[in-house]
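This structure is in C-alpha coordinates; I'll ask about it shortly.
Proteins come first, then strands; the chains are lettered A, B, ... in the order of their sequence lines, and each starts at number 1.
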Amino acid sequence: RLRKWNERFRTRDSKERNLKQALGEIDRMASAQGLPDNVRETASVIYRRALDEDLLPGRSIEGVSTSCVYAAARMAGVPRSLDEIADVSRVEKAEIARTYRYVVRELKLEVKPADPEQYVPRFASDLELSEESEMRAKSLLRNAKEKGVHSGKSPVGLAAAAVYAAALLTNEKTTQAAVSEVADISEVTIRNRYHELLEAEDGLVA
Amino acid sequence: MTNPADSIEIQNVVASTGIGQELDLEALAEDLPGADFNPDNFPGLVYRTQEPKAAALIFRSGKIVCTGAKSIDDVHEALGIIFEKLRGLQIPVEDDPEITVQNIVSSADLGHNLNLNALAIGLGLEDVEYEPEQFPGLVYRMDEPEVVILLFGSGKIVITGGKRTDDAEEAVEEIVERIEGLGLLG
DNA sequence: GCTTTAAAAAGTAACGT
DNA sequence: ACGTTACTTTGCAAAGC
(Lines give C-alpha, C1' and ligand atoms only; values in the text may rest on other atoms or scores of the structure.)
Protein backbone atom coordinates (compact mmCIF):
# COMPACT_ATOMS: atom_id res chain seq x y z
CA ARG A 1 0.00 0.00 0.00
CA LEU A 2 2.77 2.37 0.96
CA ARG A 3 4.80 1.20 -2.04
CA LYS A 4 1.95 1.90 -4.39
CA TRP A 5 1.52 5.35 -2.95
CA ASN A 6 5.22 5.94 -3.33
CA GLU A 7 5.14 4.75 -6.90
CA ARG A 8 2.31 7.07 -7.79
CA PHE A 9 4.06 9.92 -6.11
CA ARG A 10 7.28 9.11 -7.88
CA THR A 11 5.47 8.85 -11.21
CA ARG A 12 3.67 12.13 -10.71
CA ASP A 13 6.85 13.76 -9.59
CA SER A 14 8.84 12.46 -12.54
CA LYS A 15 6.12 13.49 -14.96
CA GLU A 16 6.22 16.98 -13.52
CA ARG A 17 9.96 17.19 -13.97
CA ASN A 18 9.57 15.74 -17.47
CA LEU A 19 6.98 18.39 -18.31
CA LYS A 20 9.12 21.22 -16.96
CA GLN A 21 12.01 20.17 -19.14
CA ALA A 22 9.82 19.70 -22.20
CA LEU A 23 8.11 23.06 -21.84
CA GLY A 24 11.52 24.69 -21.60
CA GLU A 25 12.60 22.96 -24.81
CA ILE A 26 9.39 23.87 -26.59
CA ASP A 27 9.88 27.51 -25.60
CA ARG A 28 13.48 27.50 -26.74
CA MET A 29 12.74 25.95 -30.14
CA ALA A 30 9.66 28.07 -30.76
CA SER A 31 11.60 31.24 -29.96
CA ALA A 32 14.47 30.20 -32.20
CA GLN A 33 11.97 29.78 -35.02
CA GLY A 34 10.16 33.01 -34.21
CA LEU A 35 6.89 31.19 -33.66
CA PRO A 36 4.03 33.04 -31.93
CA ASP A 37 2.77 32.30 -28.41
CA ASN A 38 -0.27 30.40 -29.58
CA VAL A 39 2.03 27.85 -31.22
CA ARG A 40 3.97 27.42 -27.95
CA GLU A 41 0.71 26.94 -26.13
CA THR A 42 -0.59 24.41 -28.63
CA ALA A 43 2.69 22.53 -28.57
CA SER A 44 2.54 22.44 -24.77
CA VAL A 45 -1.01 21.12 -24.80
CA ILE A 46 -0.01 18.37 -27.22
CA TYR A 47 2.98 17.47 -25.08
CA ARG A 48 0.79 17.23 -21.94
CA ARG A 49 -1.54 14.89 -23.78
CA ALA A 50 1.40 12.76 -24.94
CA LEU A 51 2.60 12.57 -21.35
CA ASP A 52 -0.88 11.78 -19.99
CA GLU A 53 -1.37 9.03 -22.54
CA ASP A 54 2.03 7.53 -21.75
CA LEU A 55 3.61 8.08 -25.14
CA LEU A 56 6.92 9.10 -23.59
CA PRO A 57 8.32 5.75 -22.46
CA GLY A 58 10.62 4.71 -25.24
CA ARG A 59 11.00 8.18 -26.76
CA SER A 60 13.18 11.09 -25.82
CA ILE A 61 11.72 14.22 -24.26
CA GLU A 62 13.57 16.26 -26.85
CA GLY A 63 12.20 14.23 -29.74
CA VAL A 64 8.59 14.47 -28.59
CA SER A 65 8.95 18.18 -27.75
CA THR A 66 10.30 18.83 -31.22
CA SER A 67 7.43 16.91 -32.82
CA CYS A 68 4.93 18.95 -30.82
CA VAL A 69 6.42 22.21 -32.10
CA TYR A 70 6.43 20.88 -35.68
CA ALA A 71 2.78 19.81 -35.39
CA ALA A 72 1.64 22.96 -33.58
CA ALA A 73 3.23 25.30 -36.12
CA ARG A 74 1.39 23.50 -38.90
CA MET A 75 -1.90 23.48 -37.06
CA ALA A 76 -1.58 27.23 -36.49
CA GLY A 77 -1.07 27.82 -40.20
CA VAL A 78 2.53 28.97 -39.77
CA PRO A 79 4.38 25.80 -40.81
CA ARG A 80 8.10 25.28 -40.46
CA SER A 81 9.81 22.71 -42.64
CA LEU A 82 11.29 19.62 -41.08
CA ASP A 83 14.75 20.99 -41.90
CA GLU A 84 14.02 24.26 -40.13
CA ILE A 85 12.71 22.43 -37.09
CA ALA A 86 15.71 20.09 -37.11
CA ASP A 87 18.02 23.12 -37.16
CA VAL A 88 16.84 24.18 -33.70
CA SER A 89 16.41 20.71 -32.27
CA ARG A 90 18.94 18.51 -30.58
CA VAL A 91 17.42 15.48 -32.26
CA GLU A 92 18.25 14.44 -35.79
CA LYS A 93 15.78 14.83 -38.62
CA ALA A 94 14.99 11.14 -39.09
CA GLU A 95 14.05 10.72 -35.44
CA ILE A 96 11.89 13.84 -35.49
CA ALA A 97 10.01 12.50 -38.52
CA ARG A 98 9.53 9.11 -36.85
CA THR A 99 8.41 10.59 -33.54
CA TYR A 100 6.13 13.09 -35.24
CA ARG A 101 4.24 10.33 -37.08
CA TYR A 102 3.97 8.39 -33.85
CA VAL A 103 2.58 11.33 -31.86
CA VAL A 104 0.12 12.31 -34.61
CA ARG A 105 -1.07 8.72 -34.92
CA GLU A 106 -1.40 8.00 -31.21
CA LEU A 107 -3.08 11.28 -30.30
CA LYS A 108 -5.18 11.16 -33.47
CA LEU A 109 -4.18 14.70 -34.34
CA GLU A 110 -5.68 15.47 -37.70
CA VAL A 111 -2.77 17.40 -39.11
CA LYS A 112 -2.90 17.83 -42.84
CA PRO A 113 0.07 18.66 -45.04
CA ALA A 114 1.04 22.32 -44.98
CA ASP A 115 -0.51 24.44 -47.71
CA PRO A 116 2.35 25.86 -49.80
CA GLU A 117 0.69 29.29 -49.59
CA GLN A 118 1.42 29.35 -45.87
CA TYR A 119 5.16 29.51 -46.53
CA VAL A 120 4.85 32.43 -48.94
CA PRO A 121 4.58 35.41 -46.54
CA ARG A 122 7.71 34.39 -44.66
CA PHE A 123 9.80 33.68 -47.76
CA ALA A 124 8.62 36.88 -49.45
CA SER A 125 9.42 38.88 -46.36
CA ASP A 126 12.87 37.32 -46.00
CA LEU A 127 13.55 38.25 -49.61
CA GLU A 128 12.07 41.74 -49.11
CA LEU A 129 9.59 41.31 -51.90
CA SER A 130 6.51 43.46 -52.39
CA GLU A 131 3.01 42.60 -51.32
CA GLU A 132 2.13 42.38 -54.98
CA SER A 133 4.57 39.56 -55.67
CA GLU A 134 3.40 37.85 -52.52
CA MET A 135 -0.14 37.89 -53.87
CA ARG A 136 1.13 36.74 -57.24
CA ALA A 137 2.91 33.80 -55.66
CA LYS A 138 -0.24 32.74 -53.81
CA SER A 139 -2.28 33.04 -56.96
CA LEU A 140 0.19 30.90 -58.88
CA LEU A 141 -0.11 28.24 -56.18
CA ARG A 142 -3.91 28.38 -56.13
CA ASN A 143 -4.01 27.88 -59.87
CA ALA A 144 -1.53 25.03 -59.74
CA LYS A 145 -3.52 23.34 -56.98
CA GLU A 146 -6.67 23.46 -59.09
CA LYS A 147 -4.75 21.84 -61.91
CA GLY A 148 -3.75 19.12 -59.49
CA VAL A 149 -0.01 19.57 -59.74
CA HIS A 150 0.49 19.59 -55.94
CA SER A 151 0.30 15.82 -55.43
CA GLY A 152 3.47 14.39 -53.95
CA LYS A 153 5.45 17.59 -54.24
CA SER A 154 7.03 19.31 -51.28
CA PRO A 155 4.91 22.28 -50.16
CA VAL A 156 8.18 24.08 -49.39
CA GLY A 157 9.52 23.51 -52.91
CA LEU A 158 6.27 24.68 -54.48
CA ALA A 159 6.23 27.80 -52.30
CA ALA A 160 9.86 28.59 -53.09
CA ALA A 161 9.25 28.26 -56.83
CA ALA A 162 6.08 30.39 -56.62
CA VAL A 163 7.91 33.16 -54.80
CA TYR A 164 10.71 33.06 -57.38
CA ALA A 165 8.26 33.10 -60.29
CA ALA A 166 6.22 35.91 -58.74
CA ALA A 167 9.30 38.06 -58.23
CA LEU A 168 10.21 37.70 -61.90
CA LEU A 169 6.64 38.42 -63.00
CA THR A 170 6.54 41.64 -60.98
CA ASN A 171 10.04 42.66 -62.07
CA GLU A 172 11.57 42.43 -58.64
CA LYS A 173 15.14 41.28 -58.38
CA THR A 174 15.74 37.89 -56.81
CA THR A 175 17.89 34.96 -57.75
CA GLN A 176 17.30 31.26 -57.49
CA ALA A 177 20.26 31.22 -55.14
CA ALA A 178 18.60 33.72 -52.81
CA VAL A 179 15.31 31.82 -52.77
CA SER A 180 17.21 28.58 -52.30
CA GLU A 181 18.92 30.12 -49.27
CA VAL A 182 15.76 31.29 -47.49
CA ALA A 183 13.66 28.24 -48.30
CA ASP A 184 16.44 25.66 -48.02
CA ILE A 185 15.38 24.10 -51.29
CA SER A 186 17.86 23.27 -54.06
CA GLU A 187 17.99 25.48 -57.13
CA VAL A 188 17.27 22.45 -59.27
CA THR A 189 13.98 21.87 -57.48
CA ILE A 190 13.05 25.57 -57.65
CA ARG A 191 13.66 25.47 -61.41
CA ASN A 192 11.59 22.31 -61.88
CA ARG A 193 8.62 23.56 -59.85
CA TYR A 194 8.92 27.00 -61.47
CA HIS A 195 8.44 25.51 -64.93
CA GLU A 196 5.43 23.51 -63.73
CA LEU A 197 3.81 26.55 -62.16
CA LEU A 198 4.20 28.57 -65.36
CA GLU A 199 2.92 25.68 -67.42
CA ALA A 200 -0.18 25.45 -65.28
CA GLU A 201 -0.59 29.21 -65.72
CA ASP A 202 -0.18 29.03 -69.49
CA GLY A 203 -2.75 26.28 -69.66
CA LEU A 204 -5.07 28.85 -68.12
CA VAL A 205 -4.53 31.23 -71.02
CA ALA A 206 -4.19 28.75 -73.85
CA MET B 1 -10.16 -0.26 -70.80
CA THR B 2 -7.15 -1.91 -69.28
CA ASN B 3 -7.73 -3.37 -65.91
CA PRO B 4 -5.38 -2.02 -63.22
CA ALA B 5 -5.20 -5.53 -61.77
CA ASP B 6 -3.56 -6.67 -65.01
CA SER B 7 -0.74 -4.19 -64.45
CA ILE B 8 0.35 -5.85 -61.22
CA GLU B 9 3.98 -6.92 -61.16
CA ILE B 10 5.58 -8.71 -58.25
CA GLN B 11 8.81 -6.88 -57.44
CA ASN B 12 10.09 -8.67 -54.41
CA VAL B 13 9.23 -11.70 -52.32
CA VAL B 14 10.56 -12.23 -48.79
CA ALA B 15 10.49 -15.75 -47.38
CA SER B 16 11.96 -17.66 -44.48
CA THR B 17 12.99 -21.26 -44.01
CA GLY B 18 15.48 -23.37 -42.08
CA ILE B 19 17.67 -26.41 -42.72
CA GLY B 20 17.18 -27.83 -39.24
CA GLN B 21 20.90 -27.80 -38.55
CA GLU B 22 23.24 -25.42 -36.70
CA LEU B 23 25.89 -23.81 -38.86
CA ASP B 24 29.44 -22.60 -38.41
CA LEU B 25 29.18 -19.37 -40.35
CA GLU B 26 32.91 -18.63 -40.08
CA ALA B 27 33.67 -21.88 -41.91
CA LEU B 28 30.78 -21.43 -44.32
CA ALA B 29 32.05 -17.97 -45.26
CA GLU B 30 35.34 -19.60 -46.31
CA ASP B 31 33.72 -22.42 -48.27
CA LEU B 32 31.04 -20.40 -50.03
CA PRO B 33 32.54 -18.20 -52.75
CA GLY B 34 30.95 -14.77 -52.74
CA ALA B 35 29.57 -15.02 -49.23
CA ASP B 36 29.63 -11.85 -47.10
CA PHE B 37 29.92 -12.32 -43.37
CA ASN B 38 30.58 -9.44 -40.96
CA PRO B 39 29.49 -10.70 -37.54
CA ASP B 40 30.37 -7.35 -35.94
CA ASN B 41 27.88 -5.73 -38.24
CA PHE B 42 25.13 -8.28 -38.60
CA PRO B 43 24.78 -11.88 -37.33
CA GLY B 44 23.71 -13.26 -40.69
CA LEU B 45 25.86 -14.39 -43.60
CA VAL B 46 24.79 -12.89 -46.93
CA TYR B 47 24.78 -15.08 -50.00
CA ARG B 48 23.50 -14.01 -53.41
CA THR B 49 22.27 -16.29 -56.20
CA GLN B 50 22.61 -15.04 -59.77
CA GLU B 51 19.81 -17.01 -61.44
CA PRO B 52 17.26 -16.42 -60.19
CA LYS B 53 18.62 -13.23 -58.65
CA ALA B 54 18.05 -13.25 -54.93
CA ALA B 55 19.85 -12.66 -51.65
CA ALA B 56 19.82 -15.02 -48.70
CA LEU B 57 20.63 -14.26 -45.09
CA ILE B 58 21.92 -17.41 -43.45
CA PHE B 59 22.01 -17.61 -39.66
CA ARG B 60 23.92 -19.71 -37.16
CA SER B 61 20.67 -21.38 -36.12
CA GLY B 62 20.27 -22.74 -39.63
CA LYS B 63 17.37 -20.39 -40.35
CA ILE B 64 17.46 -18.63 -43.70
CA VAL B 65 15.75 -15.51 -45.06
CA CYS B 66 15.46 -15.14 -48.82
CA THR B 67 14.68 -11.78 -50.38
CA GLY B 68 14.89 -10.08 -53.74
CA ALA B 69 13.20 -12.82 -55.77
CA LYS B 70 10.60 -11.76 -58.34
CA SER B 71 8.19 -14.65 -57.76
CA ILE B 72 7.36 -17.37 -55.29
CA ASP B 73 8.78 -19.92 -57.74
CA ASP B 74 12.03 -17.97 -57.84
CA VAL B 75 12.19 -18.08 -54.04
CA HIS B 76 11.94 -21.88 -54.16
CA GLU B 77 14.51 -22.07 -56.94
CA ALA B 78 17.00 -19.79 -55.20
CA LEU B 79 16.63 -21.62 -51.90
CA GLY B 80 16.93 -24.94 -53.71
CA ILE B 81 20.28 -23.80 -55.08
CA ILE B 82 21.41 -22.84 -51.59
CA PHE B 83 20.28 -26.15 -50.10
CA GLU B 84 22.29 -27.99 -52.75
CA LYS B 85 25.39 -25.87 -52.14
CA LEU B 86 25.19 -26.65 -48.44
CA ARG B 87 24.74 -30.37 -49.11
CA GLY B 88 27.75 -30.15 -51.41
CA LEU B 89 29.70 -28.87 -48.41
CA GLN B 90 28.68 -32.00 -46.44
CA ILE B 91 26.15 -30.03 -44.42
CA PRO B 92 23.01 -32.05 -43.70
CA VAL B 93 19.90 -30.27 -44.99
CA GLU B 94 16.34 -31.50 -44.33
CA ASP B 95 14.64 -33.11 -47.30
CA ASP B 96 12.03 -30.47 -47.99
CA PRO B 97 12.50 -27.56 -45.65
CA GLU B 98 9.27 -25.65 -45.20
CA ILE B 99 9.40 -22.29 -46.96
CA THR B 100 7.14 -19.53 -45.65
CA VAL B 101 6.40 -16.44 -47.71
CA GLN B 102 6.52 -13.48 -45.35
CA ASN B 103 5.91 -10.53 -47.61
CA ILE B 104 5.21 -9.79 -51.26
CA VAL B 105 5.91 -6.35 -52.74
CA SER B 106 4.06 -5.52 -55.96
CA SER B 107 3.65 -2.46 -58.14
CA ALA B 108 0.69 -1.53 -60.32
CA ASP B 109 -0.75 1.38 -62.28
CA LEU B 110 -4.24 2.74 -61.74
CA GLY B 111 -4.00 4.51 -65.08
CA HIS B 112 -5.09 7.95 -63.88
CA ASN B 113 -3.43 10.76 -61.97
CA LEU B 114 -4.46 11.06 -58.35
CA ASN B 115 -5.18 14.09 -56.20
CA LEU B 116 -3.45 12.91 -53.04
CA ASN B 117 -4.72 15.77 -50.88
CA ALA B 118 -8.31 14.85 -51.67
CA LEU B 119 -7.54 11.15 -51.34
CA ALA B 120 -6.04 11.63 -47.87
CA ILE B 121 -9.32 13.10 -46.67
CA GLY B 122 -11.52 10.73 -48.64
CA LEU B 123 -9.83 7.55 -47.46
CA GLY B 124 -9.92 8.80 -43.88
CA LEU B 125 -7.03 10.47 -42.10
CA GLU B 126 -6.94 7.66 -39.53
CA ASP B 127 -5.77 5.12 -42.10
CA VAL B 128 -3.62 7.50 -44.08
CA GLU B 129 -0.19 9.05 -43.76
CA TYR B 130 0.63 11.70 -46.34
CA GLU B 131 3.64 13.90 -45.75
CA PRO B 132 4.69 15.27 -49.16
CA GLU B 133 7.44 17.28 -47.54
CA GLN B 134 9.12 14.05 -46.63
CA PHE B 135 7.91 11.45 -49.11
CA PRO B 136 5.79 11.84 -52.29
CA GLY B 137 3.66 8.77 -51.66
CA LEU B 138 0.44 8.56 -49.69
CA VAL B 139 0.53 5.60 -47.29
CA TYR B 140 -2.78 3.79 -46.91
CA ARG B 141 -3.26 0.94 -44.49
CA MET B 142 -5.99 -1.33 -45.83
CA ASP B 143 -7.91 -3.68 -43.51
CA GLU B 144 -9.00 -6.34 -46.00
CA PRO B 145 -6.78 -7.58 -47.43
CA GLU B 146 -4.38 -6.46 -44.71
CA VAL B 147 -1.79 -4.69 -46.81
CA VAL B 148 -0.19 -1.27 -47.05
CA ILE B 149 -0.51 0.65 -50.29
CA LEU B 150 1.67 3.55 -51.37
CA LEU B 151 -0.18 5.76 -53.83
CA PHE B 152 1.53 8.34 -56.01
CA GLY B 153 0.29 11.34 -57.95
CA SER B 154 0.97 9.52 -61.20
CA GLY B 155 -1.49 6.77 -60.31
CA LYS B 156 1.32 4.25 -59.88
CA ILE B 157 1.06 2.31 -56.64
CA VAL B 158 3.03 -0.15 -54.50
CA ILE B 159 1.31 -2.89 -52.50
CA THR B 160 3.25 -4.48 -49.65
CA GLY B 161 2.69 -6.46 -46.51
CA GLY B 162 0.68 -9.24 -48.18
CA LYS B 163 1.63 -12.90 -47.95
CA ARG B 164 -0.46 -14.29 -50.81
CA THR B 165 -0.29 -13.45 -54.51
CA ASP B 166 -4.04 -12.81 -54.37
CA ASP B 167 -3.61 -10.08 -51.78
CA ALA B 168 -2.26 -7.63 -54.34
CA GLU B 169 -5.11 -8.29 -56.76
CA GLU B 170 -7.74 -7.96 -54.08
CA ALA B 171 -6.07 -4.80 -52.82
CA VAL B 172 -6.01 -3.21 -56.27
CA GLU B 173 -9.67 -4.03 -56.83
CA GLU B 174 -10.55 -2.65 -53.43
CA ILE B 175 -8.57 0.56 -53.79
CA VAL B 176 -9.97 1.22 -57.26
CA GLU B 177 -13.46 0.72 -55.87
CA ARG B 178 -12.84 3.07 -52.98
CA ILE B 179 -11.29 5.77 -55.11
CA GLU B 180 -14.08 5.51 -57.66
CA GLY B 181 -16.64 5.66 -54.88
CA LEU B 182 -15.01 8.89 -53.79
CA GLY B 183 -15.20 10.19 -57.34
CA LEU B 184 -11.47 10.75 -57.29
CA LEU B 185 -10.36 8.43 -60.08
CA GLY B 186 -9.91 9.81 -63.60
C1' DG C 1 14.74 0.42 -31.00
C1' DC C 2 18.98 -0.92 -34.09
C1' DT C 3 21.85 -3.70 -37.29
C1' DT C 4 21.20 -6.39 -42.98
C1' DT C 5 18.67 -7.89 -47.47
C1' DA C 6 15.58 -6.80 -51.57
C1' DA C 7 12.37 -4.04 -54.74
C1' DA C 8 8.99 -0.49 -56.56
C1' DA C 9 7.04 4.19 -56.58
C1' DA C 10 8.46 9.95 -57.19
C1' DG C 11 10.68 13.82 -55.14
C1' DT C 12 14.77 15.88 -53.65
C1' DA C 13 19.78 16.47 -53.24
C1' DA C 14 24.62 16.17 -54.16
C1' DC C 15 28.11 14.71 -56.78
C1' DG C 16 30.87 15.18 -61.41
C1' DT C 17 31.15 16.70 -66.24
C1' DA D 1 22.16 21.76 -67.62
C1' DC D 2 22.90 17.28 -67.90
C1' DG D 3 23.68 12.25 -65.87
C1' DT D 4 24.54 9.30 -62.05
C1' DT D 5 24.09 7.84 -57.46
C1' DA D 6 21.68 7.90 -53.30
C1' DC D 7 18.64 9.10 -49.84
C1' DT D 8 13.28 9.43 -48.14
C1' DT D 9 8.64 5.67 -47.41
C1' DT D 10 6.10 0.82 -46.93
C1' DG D 11 6.30 -4.53 -45.56
C1' DC D 12 8.88 -8.94 -43.45
C1' DA D 13 12.01 -12.57 -41.44
C1' DA D 14 16.40 -13.74 -39.13
C1' DA D 15 19.95 -13.18 -33.97
C1' DG D 16 21.62 -10.19 -30.84
C1' DC D 17 22.68 -5.91 -28.69
Side-chain angles (χ1 to χ4, degrees), chain A residues 57-60 63 81-83 93-95 97-99 101-102 150-158 160 180 184-193 196, chain B residues 7-18 22-23 25 36-49 52-71 74-75 78 99-110 113-114 116 129-142 146-163 167-168 171:
Chain A
R59 325 259 143 191
S60 70
S81 71
L82 191 55
D83 284 320
K93 193 175 157 182
E95 197 198 317
R98 230 165 268 139
T99 308
R101 280 181 219 126
Y102 173 72
H150 280 41
S151 285
K153 273 111 180 177
S154 162
V156 191
L158 285 164
S180 170
D184 196 19
I185 286 295
S186 76
E187 295 183 42
V188 178
T189 296
I190 292 174
R191 239 174 274 136
N192 291 339
R193 296 300 143 253
E196 286 174 7
Chain B
S7 71
I8 296 174
E9 284 180 40
I10 293 182
Q11 301 291 350
N12 183 24
V13 177
V14 180
S16 58
T17 186
E22 294 258 329
L23 292 166
L25 298 184
D36 288 342
F37 183 45
N38 301 323
D40 292 344
N41 223 295
F42 187 69
L45 177 154
V46 181
Y47 183 73
R48 287 160 228 272
T49 55
K53 192 184 169 205
L57 303 178
I58 304 175
F59 298 88
R60 193 184 47 200
S61 63
K63 292 194 176 178
I64 301 174
V65 170
C66 178
T67 183
K70 292 281 187 195
S71 70
D74 283 356
V75 167
I99 296 172
T100 309
V101 173
Q102 303 287 356
N103 183 25
I104 298 176
V105 182
S106 300
S107 59
D109 189 351
L110 300 186
N113 287 341
L114 298 171
L116 301 183
E129 270 182 32
Y130 176 47
E131 292 289 328
E133 194 197 314
Q134 174 148 65
F135 185 69
L138 181 156
V139 182
Y140 176 58
R141 280 156 222 282
M142 186 175 273
E146 195 178 329
V147 297
V148 171
I149 305 179
L150 308 183
L151 301 113
F152 297 84
S154 64
K156 300 271 186 67
I157 69 174
V158 171
I159 306 99
T160 186
K163 288 181 158 52
D167 287 342

Residues which pass side-chain contact (heavy atoms from CB on, under 4.5 Å) with B:Ala69, listed by chain and number, not counting sequence neighbours: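 Here the qualifying residues are B:Ala54, B:Asp74, B:Val75.
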NE2 of A:His150 to CG of A:Leu158: how many Å apart, nearest 0.5 Å?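 Between A:His150 NE2 and A:Leu158 CG, I get 5.5 Å after rounding to 0.5 Å.
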For B:Gln102 and D:dA13, give me the distance from atom CD to atom P, rounded to whole Å.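 For the pair B:Gln102 CD and D:dA13 P, the rounded distance is 5 Å.
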Dot-bracket, 5' to 3', for DNA chain C please: Watson-Crick or G-U pairs under 3.5 Å, [ ] where pairs cross earlier ones, | where the partner sits on another strand, dots elsewhere. |||||..|.||||||||
Any donor and acceptor pair, going by atom type alone, linking the side chain of B:Ser107 with main-chain N or O of B:Val158 inside 3.5 Å?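 Judged by distance alone, no pair lies under 3.5 Å.
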Using whole Å, report how far CD1 of B:Ile58 lies from C1' of D:dA13.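 Answer to the nearest Å: 14 Å.
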In this structure, how many angstroms lie between the P atom of C:dA9 and the CG atom of B:Leu110, rounded?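 Taking atom P of C:dA9 as the reference, CG of B:Leu110 is at 14 Å.
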Whether B:Ser106 side chain and B:Ile8 backbone form a donor-acceptor pair below 3.5 Å: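 The answer is no, because no donor-acceptor pair under 3.5 Å joins these two groups.
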For B:Ser16, side chain to side chain donor-acceptor pair (under 3.5 Å) partners two or more places apart: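 Here the qualifying residues are B:Gln102.
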Salt bridge check, A:Glu95 against A:Arg59: does any charged N sit closer than 4.0 Å to a carboxylate O?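 Judged by the 4.0 Å cut-off on N to carboxylate O distance, A:Arg59 and A:Glu95 do not form a salt bridge.
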Starting from the C-alpha separation in whole Å, work towards a yes-or-no answer on side chain to side chain contact (heavy atoms under 4.5 Å, CB included) for B:Ile58 and B:Leu23. CA-CA 9 Å; B:Ile58 304 175; B:Leu23 292 166; 3.5 Å; yes
Rounded to the nearest angstrom, tell me the gap between atom CG in B:Leu23 and atom P in D:dA14.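 Going from CG in B:Leu23 over to P in D:dA14 covers 16 Å.
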Under 4.0 Å between any heavy atoms, over every strand shown, what does B:Ser61 touch: base, sugar-phosphate, or nothing? Just pick one.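 Counting heavy atoms under 4.0 Å across all strands, the contact made by B:Ser61 is with sugar-phosphate only.
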Considering only atom P, compute the distance from D:dT8 to C:dC2 and round it to an integer number of Å.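 Between the two P atoms, the distance is 12 Å.
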Atom pair distance, as rounded to whole Å: NZ in B:Lys70 and C1' in C:dA7: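 Result: 5 Å.
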Looking at B:Lys70 and B:Gln11, would you say the former's side chain and the latter's main chain have a donor-acceptor pair under 3.5 Å?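 Side chain of B:Lys70 to backbone of B:Gln11: a pair is present.
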Between A:Glu196 and A:Arg193 (salt bridge meaning N to carboxylate O under 4.0 Å), is one present in this structure?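 The answer is yes: the pair qualifies as a salt bridge.
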What integer number of Å spans the P atoms of D:dA1 and C:dA9?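 Between the two P atoms, the distance is 26 Å.
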For the pair B:Thr17 (side chain) and B:Ile64 (backbone), establish whether a donor and an acceptor sit closer than 3.5 Å, ignoring hydrogens and angles.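 Judged by distance alone, no pair lies under 3.5 Å.
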All N/O contacts under 3.5 Å from nucleotides 5-9 of chain D to the protein, with atom names and distances to one decimal?
none

Is the phosphate of D:dA14, meaning OP1 or OP2, less than 4.0 Å from a side-chain N or O of B:Ser16?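 Looking at the OP1 and OP2 atoms of D:dA14, neither is under 4.0 Å from any side-chain N or O of B:Ser16.
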Grab the CD-C1' distance between B:Glu146 and D:dC12 for me, whole Å please.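 Distance check: B:Glu146 CD to D:dC12 C1' gives 13 Å.
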Whole Å only: how far is the OH atom of B:Tyr130 from the P atom of C:dA10?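 From B:Tyr130 OH to C:dA10 P: 13 Å.
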Any donor-acceptor pair under 3.5 Å linking the side chain of B:Glu133 with the backbone of A:Leu82?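 Yes; judged by distance alone, with no hydrogens or angles, the pair exists.
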If we ignore hydrogens and angles and just use 3.5 Å, is the side chain of B:Tyr130 paired with the main-chain N or O of A:Gly152 as donor and acceptor?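 Yes; judged by distance alone, with no hydrogens or angles, the pair exists.
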Nucleotides 3-5 of chain C: which of its N/O atoms have a protein N/O under 3.5 Å away?
unit_1, atom_1, unit_2, atom_2, d
C:dT5, O3', B:Arg48, NH1, 3.3

Does A:Glu196 or B:Ala54 map to a spot on DNA chain C nearer the 5' end, using the closest nucleotide for each?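 The answer here is B:Ala54.
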Might you point out which heavy atoms bring B:Leu151 and B:Tyr140 nearest each other, and give the distance in Å?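 Scanning both residues, the minimum pair turns out to be CD1-CB, 3.9 Å.
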Pick the P atom in D:dT9 and in C:dA13, then give their distance to the nearest Å.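 15 Å, rounded to whole Å.
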Protein within reach of the bases, or only the backbone? For nucleotides 12-17 of chain C, mark each nucleotide 5' to 3' as B, S or -, using heavy atoms under 4.0 Å. SS----
So which nucleotide from C:dA8, D:dA14, D:dT10 ends up closest to the side chain of B:Arg141?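 Comparing C:dA8, D:dA14, D:dT10 against the side chain of B:Arg141, the answer is D:dT10.
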Using the P atom on both, measure D:dA14 against C:dA8 and round to a whole Å.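 The same atom, P, in both gives a distance of 25 Å.
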How is B:Val148 classified with respect to the nucleic acid when contacts are heavy atoms under 4.0 Å: base, sugar-phosphate, or nothing?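 Sugar-phosphate contact only.
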Which is true for B:Ser154 with a 4.0 Å heavy-atom rule: it touches a base, it touches only sugar-phosphate, or it touches nothing?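 The residue B:Ser154 makes sugar-phosphate contact but no base contact.
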As a quick check of understanding, evaluate side chain to side chain contact (heavy atoms under 4.5 Å, CB included) for B:Val147 and B:Thr160, giving each step before the final call. CA-CA 6 Å; B:Val147 297; B:Thr160 186; over 6 Å; no
Is any side-chain N or O of B:Lys53 closer than 4.0 Å to OP1 or OP2 of C:dA7?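 Indeed, a polar side-chain atom of B:Lys53 lies that close.
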Return the CG to CD1 distance between B:Leu110 and B:Ile157, rounded to the nearest 0.5 Å.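 One gets 4.5 Å once the value is rounded to the nearest 0.5 Å.
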Rounded distance (Å) that lies between atom C1' of D:dA15 and atom CD1 of B:Ile64: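 Computing the B:Ile64:CD1 to D:dA15:C1' distance gives 14 Å.
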